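Structure, as structure tokens:
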Amino acid sequence: MRFSTSFFPTLKEIPADATIPSHQLMLRAGLIRPLAAGIYSFLPLGYRAIKKAMTIIREEMDAIGGQEFHLPALNPIEVWEETDRLKAFGDTIFRLQNRPLVLAPTHEEVICFIARNEVRSYKNLPQIWYQIQTKFRNEARPRSGVLRGREFTMKDSYSLDATWEGLDHAYNLHAEAYKKIYSRSGLKFFIVGASSGAMGGTGSQEFMVESVAGEDTCVLCDHCGYAANLEVASSRMPPVSQAEGGKELEEIHTPNIRTIDQLAAFLSVSTERLAKSLVYRHNSKPVLILMAGNDQLNETKLQSALGGTVEPFSPTDLAQFTGADAGSIGPIGLQGFKVFADLRLKGAKNMISGANRNDYHLGNIDIERDVDVEAFIDVRTVNASEPCPDCAASLRIAQAIEVGHIFKLGTKYSDSMGATFLDETGSERPIIMGSYGIGVERIIAAHIEQHHDESGISWDPVLAPFEVHLIVVNTDNPELLGYSDRLYGDLVAAGLEVIYDDRTGVSPGFKFNDADLLGMPLQVIIGGKHFSAGNVELKVRRSGLRRVVAQSTVVGEVKKLLAELAAA
RNA sequence: CGGGGCGUGGCUCAGCCCGGUUAGAGCGCCUGGUUCGGGACCAGGAGGUCGGCGGUUCAAAUCCGCCCGCCCCGACCA
């Protein structure tokens, strides 16, 4: 493409609304333009990158036997009521005002609708169906450019199986395909065990790209490779004080003590001797959660451990129920609460906790002896440098972008929608499903987060909108311009994707900076400096490496360098 | 949805507290000329209902109210 006749609107200044590098660079390099909050137009350059990512995804999905569908974005409300997800999605689902339709935020329902009408027998299974399409979610707060939008492109695939072994197989096929997709996309990624949340099902994993711009927090072990979303992560933290048991409970006056740190200072004991009480409603009934010292409760882990609905207790309800303020709640003598304790408190003795009376605490608590604990559960939030649960090495905590998520759904959707088949014995059984998503824009944004510098984007050849950025330094020199025009034709004829900066009246520095901003992997520079000697300059964007080659060998050298870059 | 910030030519911003010339700057854009290896220079020029509505005032970009939009933090995130 000739720059002079194309629409590549670059920006010299950083748009005020963008705060993360990928968002700033996608705007500055003319990949996207905002239309409204969380809604972006993809411009020619950006769409070329998107199409490259989609091609990689398509190839790998086809390789595991996936069949591509094109599904309706408009769905009748009824199918969403059948699975009860209209309620589950709540305000996140877009609803039309003048028809009983919704804009699909995902497509399990449509897939089940097709399957229940068409899949009759185990002989029709297994199937892998996928789509790469726009999905719509009324995100409460769109953010970070294209990373969380209200309208976005998603590859979703759905596996349909007759057996649980079949589901495992389909799930593993997807995990392997995803590894190839992200590797080919030039992303350094890792896989974490994840919470399946309201999606339901028996297991899920997320594909993560480490980035400070990410919304997810992950716990990583660089020694053995343990990796988990903070929502499910655990560590090998030792239990708290087990010694010095046997003493009588005693009431301790603790005037105006509000926090664990204040209490520890006031009593001159370690925070580990203290048991913190938190109160929640579990399926509407009050529960008290005991945590060791300053350990932070993780609400997602609590939710998974207890099941059902878990919601926080309001401070006013609390005083009413317990007769004490939050700082003085404790597990002993509290009426109407079931008590759960974090695993670290198992066997704990000589502990101090609230006395359910303002300004008083109880000492010498032996958890097993004095507290009626319903169950010991792992609900604490892992902190950096705690020991890895698998190998005890020091854990690291990192922010990450979720670029993919795979779920074993089981029969949740096929049950509620009546998507069944007849097995070998003639009995009717629900189809066993899995679903597997990839955020296409997130691949691009994550790639830019991982591959940029002060000057701009630095694409891997596979995702780059163009492979070669050809620059003619001075268009007023007819000889130079003529040669550049011919070289452009030769490169294109050789099957290369070339962007050719043939603009007149644009200074060399401007062209160089635009080329670095756009970030095509290889720059070919035609300027007087080398031209008069019969040479052409090649510059590798990422490394800055420059190579001067003879005009007669340019096309071959370009291909060779690109091959090297692609292999790197 | 709660908290905070912002809204002035295409972009980045100043002016607003303390109301009062014709609303400014840099960049970009148009015309002519010069220049041509790291965001050039000279000359001339176009472009703004100061987010919207209402109010106060002799007078509002500026003060007050309501609304809209965008960004950030939090809640939320199949």
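Letters A, B, ... are given to chains in the order of the sequence lines, protein chains preceding strands, and every chain is numbered from 1. None of these values were measured; they are calculated from a predicted model.
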Tell which nucleotide pairs with [N], taking only Watson-Crick or G-U wobble pairs whose two distances are both under 3.5 angstrom.
N: B/A60; value: none
N: B/C1; value: B/G74
N: B/G19; value: none
N: B/G65; value: B/C53
N: B/G32; value: B/C42
N: B/A25; value: B/U12

Same-atom distance ([atom1]) from [N] to [M], integer angstrom:
N: B/C17; M: B/C63; atom1: C1'; result: 10 Å
N: B/G7; M: B/C13; atom1: P; result: 9 Å
N: B/U12; M: B/C70; atom1: P; result: 15 Å
N: B/C58; M: B/G48; atom1: C1'; result: 26 Å
N: B/G39; M: B/A78; atom1: C1'; result: 46 Å
N: B/U62; M: B/G55; atom1: C1'; result: 15 Å
N: B/G20; M: B/A61; atom1: P; result: 10 Å
N: B/C66; M: B/C71; atom1: C1'; result: 22 Å

Just how far, in rounded Å, is [atom2] of [N] from [atom1] of [X]?
X: A/Tyr413; N: B/A78; atom1: OH; atom2: C1'; answer: 6 Å
X: A/Lys529; N: B/G37; atom1: NZ; atom2: P; answer: 9 Å
X: A/Phe7; N: B/C29; atom1: CZ; atom2: P; answer: 14 Å
X: A/Arg148; N: B/C76; atom1: CZ; atom2: C1'; answer: 9 Å
X: A/Leu11; N: B/C27; atom1: CG; atom2: P; answer: 16 Å
X: A/Arg141; N: B/G4; atom1: CZ; atom2: P; answer: 15 Å
X: A/His23; N: B/C70; atom1: NE2; atom2: P; answer: 12 Å
X: A/Asp17; N: B/C6; atom1: CG; atom2: P; answer: 13 Å

Per nearest nucleotide of RNA chain B, the residue lying toward the 5' end, A/Arg28 or A/Thr92, is A/Arg28

Judged by each residue's nearest nucleotide on RNA chain B, which is more toward the 5′ side, A/Pro508 or A/Thr19? A/Pro508

Sugar-phosphate only, base, or nothing, as touched by [X] at under 4.0 Å among non-hydrogen atoms:
X: A/Ile14; answer: sugar-phosphate
X: A/Pro9; answer: nothing
X: A/Lys539; answer: base
X: A/Asp514; answer: base
X: A/Gly90; answer: nothing
X: A/Asp516; answer: base
X: A/Ser144; answer: sugar-phosphate

If I take atom OH from residue A/Tyr40 and atom CD from residue A/Glu441, how far apart are they, to the nearest 0.5 angstrom? 11.0 Å

Using a distance-only criterion (donor-acceptor N/O pair, under 3.5 Å, no hydrogens), is the base of B/G38 paired with the side chain of A/Arg546? yes

Could you tell me whether the side chain of A/Glu13 has a donor or acceptor atom within less than 3.5 Å of a complementary atom in the base of B/G10? no

May I ask you to check whether A/Tyr436 and A/Ser159 show a side-chain donor-acceptor distance below 3.5 Å? yes

Between A/Asp502 and A/Tyr488, a side-chain donor and acceptor under 3.5 Å: no

Return the nearest nucleotide to the side chain of [X]; candidates are [options].
X: A/Ala36; options: B/C70, B/G37, B/G28; result: B/C70
X: A/Ala140; options: B/G39, B/A78, B/C76; result: B/C76
X: A/Met154; options: B/G38, B/C77, B/A78; result: B/A78
X: A/His530; options: B/C27, B/G37, B/C77; result: B/G37

Please tell me whether A/Tyr178 and A/His405 form a close aromatic pair, meaning their ring centres lie under 6.0 Å apart. no

Flag the pair A/Trp459 / A/Phe466 as yes when their ring centroid distance falls below 6.0 Å, and as no otherwise. no

Does A/Arg503 count as lying over the ring of A/Phe3, i.e. NZ or CZ under 6.0 Å from the six-ring centre, within 45 degrees of the axis? yes

In short, A/Asn474 meets A/Leu480 closest at the heavy-atom pair O-CD2, 3.5 Å

For a quick test of reading the model: is some side-chain N or O of A/Arg143 closer than 4.0 Å to OP1 or OP2 of B/C72? no

Carboxylate-amine/guanidinium contact A/Asp453 A/Arg541, below 4.0 Å: yes

